[in-house]
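Presented below is the structure to which this report refers.
Letters A, B, ... are given to chains in the order of the sequence lines, protein chains preceding strands, and every chain is numbered from 1.
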Amino acid sequence: MSSTEPGATALHVADLDVSYRVRGKDRQVLRGVTLEVARGESYGLVGESGCGKSTAALAIVRYLPRNGAVSAGSISVAGRDVLDLRGQKLREYRARTVSMVYQNPGAALNPSIRVGSQVAEAFTVLGVPGGDATDRARDALDRVQIADPGSVMRRYPHQLSGGMQQRALIAMALAKNPELLILDEPTTGLDATVEAEVLDLVSQLQAELHTSVLFISHNLGVISKMCSRVGVLYAGRLVEEGPVGTILRDPRHPYTVGLLRCIPRGGVRKDHGRLDTIPGFLPSLGAEITGCVFADRCALADDRCRAEEPRLDKITPVHASRCWHHDRAATLPRAEIADLELPAVDRAGAPLVELAQLSKVFKQRGHEVHALTEVSAAIWPGETLGLVGESGSGKTTLARTLLGIVPPTAGTALLEGGELPTRYQKRSREELRALQIVFQNPDSALNRRHSVRRILLRSLKKLAGVGGSVAETRMHDLVERVRLTERTLTQKPVQLSGGLKQRVAIARAFAGDPKLVVCDEPTSALDVSVQAAILNLLVELQAEKRVAYLFISHDLGVVRYISDRIAVLYLGRLQELGPADVVFEGPHHPYTEALLSAVPTVDGGGRDRIRLDGDIPSAASPPSGCVFHTRCPRKLGAVCEETEPPLVEVEAGHHMRCHIPLEELRRLQRAESQPMAPTA
Amino acid sequence: MTSVAAVSERSEARVARRERLRLLLRSPSFLIGAGVLLFWLTCALLGSRITPYDPIFDQTSDLSQRPSTEHWFGTDRLGRDVFSRVLAGSRDILLIAPAATLLATIFGTTLGLITGYFRGIADDTISRVIDAVLAIPLIVLAVTVVTSVGSRSAWAVTVVIAIVFSPIIARTVRAAVLGEAQLDYVEAARLRGERSHYVMFAEVLPNVMPPILVEATIRLGYAIFAVATLTFIGFGLQPPSPDWAVQISDNWQFLAEQWWTVLFPAIAIASLVVAVNLVSDSVQQVLER
């Protein structure tokens, strides 16, 4: 591990300190980080936002922002010190030695230059003459499994899907056959099915080319799939390092333990228990810390932890933890203990909301885009209906139709048996307060010029119709219920962390005691520890108020945790609808099956992934027959192309739209998932 | 504990404000611009109290004198001290230009909010009218309006410039509102039953203030220019006002013999426009950082 022979390691970072100068003060972001990536190895760097992952990557490619500087330590790539490179040498280093792939492929490509020229440029900087560069670019695109590279090269970036753009960028990054490839959250913005394809591609290329990879992600599932060793960063400190399997099975730092416990996994559901959370907050940027960086949030911390910084101790030759109590890390007490009594959902009674044959057609430049086609579903009081599907499947349109933001082309939505006006402008205060929403991005969901107090009081006034001291009392009640402190009231959203902002947004939605709240990916912009706390809060509120949720998420673990029933959408059509466990455990619709197998989980498992070929077809010209037949791995034949299967109740409460009979699906899917141990 | 933390939060905001101020005060262009502006403001406020001679009535018998120690900038054909008239000449323009800019900002912001927020037919109609108005050269438009109004008072000039500038501001505001109205908080406001005017003015407007402020300071520079131009061609302020453009317009025919009666007011106008632009540039840089 500690070989110092030049050339044996692809990356060697030693005692790296990086600080940013903010408002005239140096704030330390990385604190003595030491790590090593061997030749051909894939090393994962994991941590929550603000822990310094990206700063580490930027320091390695020598691309820190103007106010950032390496204040101590060394970085060497392929045995060469990179910190003293200047001018031409630095350009050479970036051109030939390291490559980086960023999170947002749309922003990494120049929108005004054809893809082919951009990929070819990666070769011309290496000195390849023009004509050859074009040929090499075509080969490179071919290597990243882009079908018909010739036509792709003539297109502009916006004409490619996110997955294709990321492939093109990977092709550019690999053009120079780099000594070190840095992938900074390369799949975070992509759909699960596309993410799976890109990850497969990266591991395949890595195996072929023996590239050394530094893989940065907040997602432990992705890291466990992609890397052999992993380092856990917290507040700029490497707190634990070791082989992926060991870290996941036997974490020895309380932070890692907490992080793993936050993730809803292994089929856990809200009625099984609460999620664990990590209490407290990340220390502020550049805070002076004596002792262990995690001590403030650690239930095991004692006086020694607060006074004296632990060293990165080797537990085994390959596994190290920066904790005085690493032998007791696994005994970390759970943060949430109070169990909840969730009210049983009574589906014999009248449903709260009914969607009857909802369709929505958008007219776009002469095309008709079928965003929703005859979707029918019901939600009962106090239950959560999870809504899953790839982007473009109509999840958000469905929610917006229910809320009256987008009027449906056909069909109706009913609230407690009464037909809802199709536009929110026509809805009464009662109807408006009954249906509220929590948005994905808390930054844009709250007015940044208004204080929390103003936001909540206004909502109370409009939705609950109260003012003055009554509103004041209700506001304090709300604040307490979503676990905010009183001092939050005077603050503006900028001063709050993502989790706190989302709590304010939830409080706002609950101001008028809603009957159903649409949750549109409410935790996808948040870190896992914060996500757990928000999910716990939503479940608490549901237990207390019997509110129903329409919960949209691409994170299947989250959906499974919070949902009573799940609806699967594909190209605006309901493909499957049933109780959460039934939909997840199968037999399920082939599309659901593919979605489930695409998700990289922490538990890993030996399940062979089902490949979905290509991207989701355009909703402007959906395929004939069953809309999924173009990508379906279990397609029967002509019948799938010609006739659209009806949505049938295949067993009690379980609806599916497939030509394959349920028993046949059960047999097929059981045969394939046999080698894998059941996760629940 | 809570109060201590709250204090630190508030001081955090104060630090950010002080930081912006510090950045402004460190920028040489801001300091020069603000200095010149302050000088003209002082002159405008104190007027004839600081001028060596009365700018309007004090007619000495020394007609058309060259600059001398007695009359630093010389005297004009009526024997008035040009130095005194230049000092006093900032008053009218420093009233009219900011007032016109303010009016234009209010009117343009309202138009911009309406077009950007409602989109659709309202936007199409108003935006096309704005495009049409913007296609006509500014001065031609202003002259047309002044003639049709038939009044040449300071008020008329103010209103005319406000009318001519508001479409430009409306367009800037519209662009900012278009982006802002896409954000979820606007949708949240609609979903709790807010009326459009509340969403526009209470929710969206505070968030588009920075571009509006920047645009307004830029417009102020142009407004000074526009007032001067209108006055010069005889549609603005009228003699015997000591306004700079009035002086230039009175004397430009005699430029060859009495250059001082034109040059000094011209320098004064230029210095004011440049000063406003310097300030607006630095404010823009600090706000958009």
#### Entry: Side chain / backbone / both / neither for A:R454 at chain B, heavy atoms under 4.5 Å
side chain
### Message
Around atom CZ of B:R91, are there more than 12 heavy atoms from other residues, nucleotides or ligands closer than 6.0 Å?
### Response
no
## Note on the structure
When every non-hydrogen atom of A:Q436 is compared with those of B:L191, the smallest separation belongs to NE2-O, 3.2 Å
### Message
Show the nearest heavy-atom pair for residues A:S444 and B:L183, with the distance to one decimal.
### Response
CB-CD2, 3.7 Å
### Message
Tell me which of these, B:Q182, B:E180, B:R190, has more heavy-atom pairs under 4.5 Å with chain A than the rest.
### Response
B:R190
### Task
State whether the number of non-hydrogen atoms from other residues, nucleotides or ligands found under 6.0 Å of B:Y222 atom OH is greater than 12.
no
### Message
Taking the side chain as everything from C-beta on, heavy atoms only, tell me whether B:R192 gets closer than 4.5 Å to A:R508.
### Response
yes
### Query
Which members of residues 396-405 of chain A, sorted by number, sit under 4.5 angstrom from chain B on a heavy-atom basis?
A:R400, A:L403, A:I405
### Query
Which pair of non-hydrogen atoms, one from A:N441 and one from B:D184, has the smallest distance, and what is that distance?
O-OD2, 4.3 Å
### Query
Does atom CZ of A:R423 have more than 12 heavy-atom neighbours, drawn from other residues, nucleotides or ligands, at distances under 6.0 Å?
no
### Query
Around B:F107, counting heavy atoms of other residues, nucleotides and ligands shown, do more than 12 lie under 6.0 Å from its CZ?
no
### Query
More than 12 foreign heavy atoms under 6.0 Å from NZ of A:K461: is that the case here?
no
### Query
Hey, mind stepping through A:R449 and B:Y185 against side-chain contact (heavy atoms from CB on, under 4.5 Å) and telling me if it holds?
CA-CA 11 Å; A:R449 297 280 166 154; B:Y185 73 84; over 6 Å; no
### Query
Are any non-hydrogen side-chain atoms of A:R458 and B:Y198 less than 4.5 angstrom apart?
yes
### Query
So which bits of residues 161-174 of chain B come within less than 4.5 Å of chain A, counting non-hydrogen atoms only?
none
### Message
So for A:R448, is it side chain, backbone, both, or neither that comes closer than 4.5 Å to the heavy atoms of chain B?
### Response
both
### Query
Considering residues, nucleotides and ligands other than B:R128, do more than 12 of their heavy atoms fall under 6.0 Å from its CZ?
yes
### Message
Heavy-atom count check: over 12 atoms from other residues, nucleotides or ligands less than 6.0 Å from B:F225 CZ?
### Response
no
